[in-house]
Amino acid sequence: MRRQYPFHLIEPKWQGYWNSQETFRAFNPGEQPAEDHPFAIRHKNKEPEELEKYYILDMFPYPSGAGLHVGHPEGYTATDMLARYQRMKGKHVLHPMGWDAFGLPAEQYAIKTGQHPRQTTEENVTNFKRQIKSLGFSYDWSREVNTTEPGYFKWSQWIFLQLYNSWFNPVTNKAEPVDTMEFPDEIVSDEAKREYLDERRLAYVSNAPVNWCPELGTVLANEEVVDGKSEVGGHPVVRKPMRQWMLRITAFAQRLLDDLETIDWSDSLKEMQRNWIGRSEGAGVLFRVDGVDEEIEVFTTRPDTLFGATYMVLSPEHELVDALTSKDQLSAVIEYRDAASRKSDLERTELAKEKTGVFTGAYAVNPVNQEKVPIWIADYVLSTYGTGAIMAVPAHDERDLEFAQKFDLPVRVVVQAPEGEQSLGYTGAGESIESGFLNGLGTSEAKKRIVDWLEEKRKGKRTINFKLRDWLFSRQRYWGEPFPIIWRHGRHEALQESELPLLPPELDDYKPTVEGEPPLARAVDWVNLADGATRETNTMPQWAGSCWYYLRYLDAQNDEYFADKEAEKYWMNVDLYVGGAEHAVLHLLYARFWHKVMYDLGHVSTSEPFQKLVNQGIILGEDGQKMSKSRGNVVNPDVVLAEYGADAFRLYEMFMGPLEMMKPWSTQGVEGVYRFLGRVWRLYIDEGSYKDYEQAVTTDPGQAELMLSDLKLHSAVNDSEPTAEQLKILHAAIKKVTDDLDGMRFNTAISALMVFVNEASKWESRPRSVLSVFLELLNPFAPHLAEDLAARMSERPGNTLAYQPWPKYEESYLVEEAVEFPVQVNGKLRGHITITPDTSKEEIENLALKCEKIQKFISKKELKKIIVVPNRLVNIAVK
RNA sequence: GCCGAGAUGGUGGAAUUGGUAGACACGUCGGACUUAAAAUCCGAUUGCCUUUAAAAGCAGUGCGGGUUCGAGUCCCGCUCUCGGUACCA
């Protein structure tokens, strides 16, 4: 196919120019651009830090071996258009890119081939960078980060130490350094103090059961387990007690929930975070055990149904099970508990449709009516939520009802459902019945009364529970940050800050040891220190690096601190963050948590990292299916770029539809925008000279670049005064593109550019002043072509559009002299009248009534009223 | 099940606060240019119906109701699709 315009020469040329001129550098407080830098020329009388900043961030990619697919650049294109737009609007733009380069695939490749993950990672980064650069994004590459570089992960380790050396003070509701901790009077010995402190650190060691994935050979965080399978790869996960590092994210649950109100994220995304945090209000209620000197606390959100509690269920792992179980039930209980512990997560959730459980032989006493209720154990009660024990109210809880029916346990209705609904199995709010002093109360009032009563009798209290669990932070991997921790006499100790970064050892074999120890344990010399201490052999999860990378961009080369304080204060927080919805809970929750800790400790100045967040939609294959290698519908950007160029690619990515929407790729769609760029080219460039050029290039391809400068401007381009019509078309485009960019409606902004070109192509005289402004509008979208044409139009070539002031529209140019004004009868369009902007309301009514086409719809009918909507239409209502 | 988002021509989509439904683009059809093709340019393109034609009419934004002078947009009740989540007491 004939090339629409020489993008293959224009694009590398301008990418090279931007690169060599450092066009897109951002300047930290105290830094100065060179005098001839376009930034300095634009902002002559101001220091960079006096300018309004705009921090626009992409979720950095994991550089996989497969290279970029068309989904990656969707978000990057959107942010690049906005970055270029904001730069032209005069903002000081920070727009960086980097690599989330620790991770499983490089390590698995290492296990197979022995190639060091570092080498694999470097190769992949090189390829990703080449691909991203070929799209002409305006990143400040001087701030590039890579999570696997010691200069970076030094600070990931440092942040871990901040967590390790902090605790959550419930009084101040903040993270504080551990030395602010006060010990209770009974904690006296150093040993006791040490233990007390270790139990309260934000980074602590736990021996609780964890999600172990045998296939991946590592543990996983709760968030990484989906339906009992690993999120990555879909391998089975089992629960297994192991010594692991945990981060105390639960302490921040309320703040993570509350501060969602302060940020500009989509409702659906906030809702996902809320659901994950899972706050629920209710009561803890104490049940005495009959004949045993023990009490069991249950958590319930429906204390108003306490009179309907007919049995109690403990999770199989509950600590009191042994103490309660009667002799004759002992074997059944042990058997059930063993069976439950052997079940994988998958079996306990997905596959376990039928409820199971056994009676312990013990009875609890309902505090409200002294009734004895049987105590069962069943695995539908989770040990990890609430107290691991429930009071069962089968009449008003689906799960309890199912269980009660299966095991023939009593059911007592205590809530009267509203008219038309059955009370048995009713879980909504209603009127309390058969409930002593609660009778006749509505659910919310009954809740209040019963909790007051429980608190007074010291049999319970108001309680808030969260679904969120602490974050399991260690992995049994090689290719991750080693913990800056050593073990001495069974106790953990932090390395000194001066000992960072702690580098991973070199290994020949990246597999776990035969004893099942993590791969780092193979490095005997590294693990065993001279004084008998040993290093922690777990590594941090991939999230560690991605939790804070947006901070490192602020000052990527700093050796003294993760980022200069002034720079942090100036740039934070992120004004716009764009990325995939798959990180809605994992990355975004973890990053918010770390940021809050850093905020409390005084290292950052904002309580939230990402002010506005937008999720881009998924791009489907041409067949409307999800892109995948197995379907063979993956679109490779390299191929698209070779045929249509980066500008067409960028334009198409945004022209497809709204950013947040899922939408299918279409090669014909790319051709459409490519043709549009060709029309732009021909609007400016003399076709004869381009044909000559093409001919000359076929005979002497080596001279192509040189001959490019011989191209002539189109003969219609001149210095004439623009007509009113031309100004109207230009300013309508300015208005629409400006509004749409502000609202991130890229697709309609591009359509406005197309409308302009369609009009302008008809002009026999194309005023230079109008055509120059159009290139400014085009620049954020198709920067290579815009720069090139602007250089041809300008008397001072070599000047970039990047810092050109964004054009302003003039409302007065948009006013039409005479317009066709629609006339409706009873809401149906029946005709038009011609009016001018100063036609009065009365005149419009008159004209409408007199209009010939209208007459036949209103004559012989009774006129009810006439509605004139200014600038819109007139509607005549008749009967 | 629950929570969230959505459904508009042959296709992707537009209509920003209730005000001319289908912008822009793809595809298709027709024409110009060409020996021919490609490329480019011009025109048509929601359906139905009447007409030689011009020109009109009717229906129409997943389905059924409602509010309004006027509904793709607001309200009530459904259907389907997508995303999240699931014994969380």
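Quick note on labels: first sequence line is chain A, next is B, and so on, each numbered from 1.
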> When rounded to the nearest Å, what value does the distance between P atoms of rG9(B) and rC2(B) take?
Replying inline: 29 Å
> For RNA chain B, what dot-bracket results from Watson-Crick or G-U pairs at under 3.5 Å, with [ ] for crossers and | for inter-strand partners?
Replying inline: (((((((..(((......[....)))((((((.......))))))(((.(....).)))..(((((..]....))))))))))))....
> Can you name the closest pair of heavy atoms from K663(A) and M661(A) and give their distance?
Replying inline: NZ-O, 2.8 Å
>> Return whichever of A752(A) or G388(A) has its heavy-atom-nearest nucleotide of RNA chain B closer to the 5' end.
In response: A752(A)
>> Any side-chain to backbone donor/acceptor pair from T305(A) onto G308(A)? Under 3.5 Å, distance only.
In response: no
> Between rA89(B), rG13(B), rU85(B), which one does the side chain of M661(A) approach most closely?
Replying inline: rG13(B)
>> Taking rA15(B) as the reference, what is the distance to rG70(B) when you measure between their C1' atoms (whole Å, please)?
In response: 16 Å
> What nucleic acid atoms does S268(A) come within less than 4.0 Å of, heavy atoms only: base, sugar-phosphate, or nothing?
Replying inline: sugar-phosphate
>> As an exercise, state the distance from OG1 of T834(A) to CG of L847(A), rounded to the nearest 0.5 Å.
In response: 8.5 Å
> Considering only the P atoms, how many Å lie between rA23(B) and rU46(B), rounded to the nearest integer?
Replying inline: 8 Å
>> More than 12 heavy atoms of other residues, nucleotides or ligands under 6.0 Å from NZ of K406(A): yes or no?
In response: yes
> Is the distance from OP1 or OP2 of rA89(B) to the nearest side-chain N or O of S280(A) less than 4.0 Å?
Replying inline: yes
> How would you list all residue pairs meeting side-chain hydrogen bond (donor to acceptor under 3.5 Å, both in side chains) that involve residues 731-742 of chain A, not counting sequence neighbours?
Replying inline: Y85(A)-D742(A), K736(A)-D740(A), T738(A)-W806(A), D740(A)-R745(A), D740(A)-T748(A)
>> Distance check needed: rU85(B) C1' versus L382(A) CG, whole Å only.
In response: 14 Å
> What form does the base of rG9(B) take, syn (within 90° of 0) or anti?
Replying inline: syn
> Distance between the C1' atoms of rG30(B) and rU79(B), in whole angstroms?
Replying inline: 41 Å
> Does any donor atom in the side chain of T77(A) or Y652(A) lie under 3.5 Å from an acceptor atom in the other side chain?
Replying inline: no
>> Output the rounded distance in Å from CD (E643(A)) to P (rA39(B)).
In response: 12 Å
>> Looking at rC69(B), I'd like to know if its phosphate oxygens (OP1 or OP2) sit under 4.0 Å from a side-chain N or O belonging to K864(A).
In response: no
Quick one: which protein N/O atoms are closer than 3.5 Å to N/O atoms of nucleotides 40-46 of chain B? Pair and distance per line, please.
from    : atom 1 : to      : atom 2 : distance (Å)
rU40(B) : OP1    : Q4(A)   : NE2    : 2.7
rU40(B) : O3'    : R682(A) : NH2    : 3.4

> Rounded to the nearest Å, what distance is computed from the CE atom of residue M754(A) to the C1' atom of nucleotide rC26(B)?
Replying inline: 10 Å
> Roughly how far apart, to the nearest Å, are rG31(B) and rU20(B) at atom C1'?
Replying inline: 31 Å
>> For F774(A) and F756(A), take the angle between the two ring planes, folded into 0 to 90°, and tell me which bin it lands in: parallel under 30, tilted 30 to 60, perpendicular over 60.
In response: parallel
> Got a salt bridge between R274(A) and E271(A), using NZ or NE/NH1/NH2 to carboxylate O under 4.0 Å?
Replying inline: yes
>> Salt bridge check, K461(A) against E297(A): does any charged N sit closer than 4.0 Å to a carboxylate O?
In response: yes
>> On RNA chain B, does the nearest nucleotide to I876(A) precede the nearest nucleotide to L269(A) from the 5' side, or the other way round? Give the residue.
In response: L269(A)
>> Taking rG57(B) as the reference, what is the distance to rA7(B) when you measure between their C1' atoms (whole Å, please)?
In response: 30 Å
>> In whole Å, I'd like the distance from the CZ atom of R830(A) to the P atom of rA55(B).
In response: 18 Å
>> Ignoring hydrogens, what is the shortest heavy-atom contact between Y426(A) and A417(A)? Give both atom names and the distance.
In response: CG-CB, 3.6 Å
> Between E295(A) and K459(A), does at least one N-O distance fall below 4.0 Å, as a salt bridge requires?
Replying inline: yes
> Base, sugar-phosphate alone, or nothing: which one does S666(A) contact when heavy atoms must sit under 4.0 Å apart?
Replying inline: nothing
> Roughly, in whole Å, what's the span from CD1 in I618(A) to C1' in rA5(B)?
Replying inline: 13 Å
> Tell me: NZ of K691(A) to P of rA38(B), nearest whole Å?
Replying inline: 16 Å
> What closest approach, in Å, do Q824(A) and L873(A) show between heavy atoms, and which atom pair accounts for it?
Replying inline: NE2-CD2, 3.5 Å
> salt bridge (Lys or Arg N to Asp or Glu O under 4.0 Å) with D647(A): which residues, sequence neighbours excluded?
Replying inline: none
>> Testing the 3.5 Å rule here: is there a donor-acceptor pair between the side chains of Q4(A) and R682(A)?
In response: yes
> Given rU85(B), rC24(B), rG12(B), which nucleotide is nearest the side-chain atoms of W276(A)?
Replying inline: rU85(B)
> Counting side-chain heavy atoms from C-beta on, which of rA25(B), rG27(B), rA14(B) comes nearest to T748(A)?
Replying inline: rA14(B)
Between protein and nucleic acid, restricted to nucleotides 16-20 of chain B and to nitrogen or oxygen atoms under 3.5 Å apart, what atom pairs and distances do you find?
from    : atom 1 : to      : atom 2 : distance (Å)
rU16(B) : O4     : K736(A) : NZ     : 3.0
rG19(B) : N2     : N875(A) : ND2    : 3.2
rU20(B) : O2     : H832(A) : NE2    : 3.4

> What's the NZ-P distance between K828(A) and rA56(B), to the nearest Å?
Replying inline: 17 Å
Any N/O pairs under 3.5 Å between the protein and nucleotides 34-36 of chain B? List them or say none.
none

>> Heavy atoms only, 4.0 Å cut-off, all strands: where does F655(A) land among base, sugar-phosphate and nothing?
In response: base
> How long is the line joining OH of Y311(A) and C1' of rA89(B), in whole Å?
Replying inline: 11 Å
> When we call it a touch if two heavy atoms are under 4.0 Å apart, what does G278(A) touch: a base, just sugar-phosphate, or nothing?
Replying inline: nothing
>> Minimum heavy-atom separation for V381(A) and S315(A), please, with both atom names.
In response: O-CB, 3.1 Å
>> For R679(A) versus V757(A), what's the shortest heavy-atom pair and its separation?
In response: CB-CG1, 4.0 Å
>> Between rG12(B) and rC82(B), how many Å separate the two P atoms, rounded to a whole number?
In response: 15 Å
>> Say we look at rG22(B) and rU45(B): how far apart would their P atoms be, to the nearest angstrom?
In response: 12 Å
> Which nucleotide sits closest to the side chain of Y385(A): rA59(B), rA89(B), rA86(B)?
Replying inline: rA89(B)
> Do other residues, nucleotides or ligands put more than 12 heavy atoms under 6.0 Å from E398(A) CD?
Replying inline: no
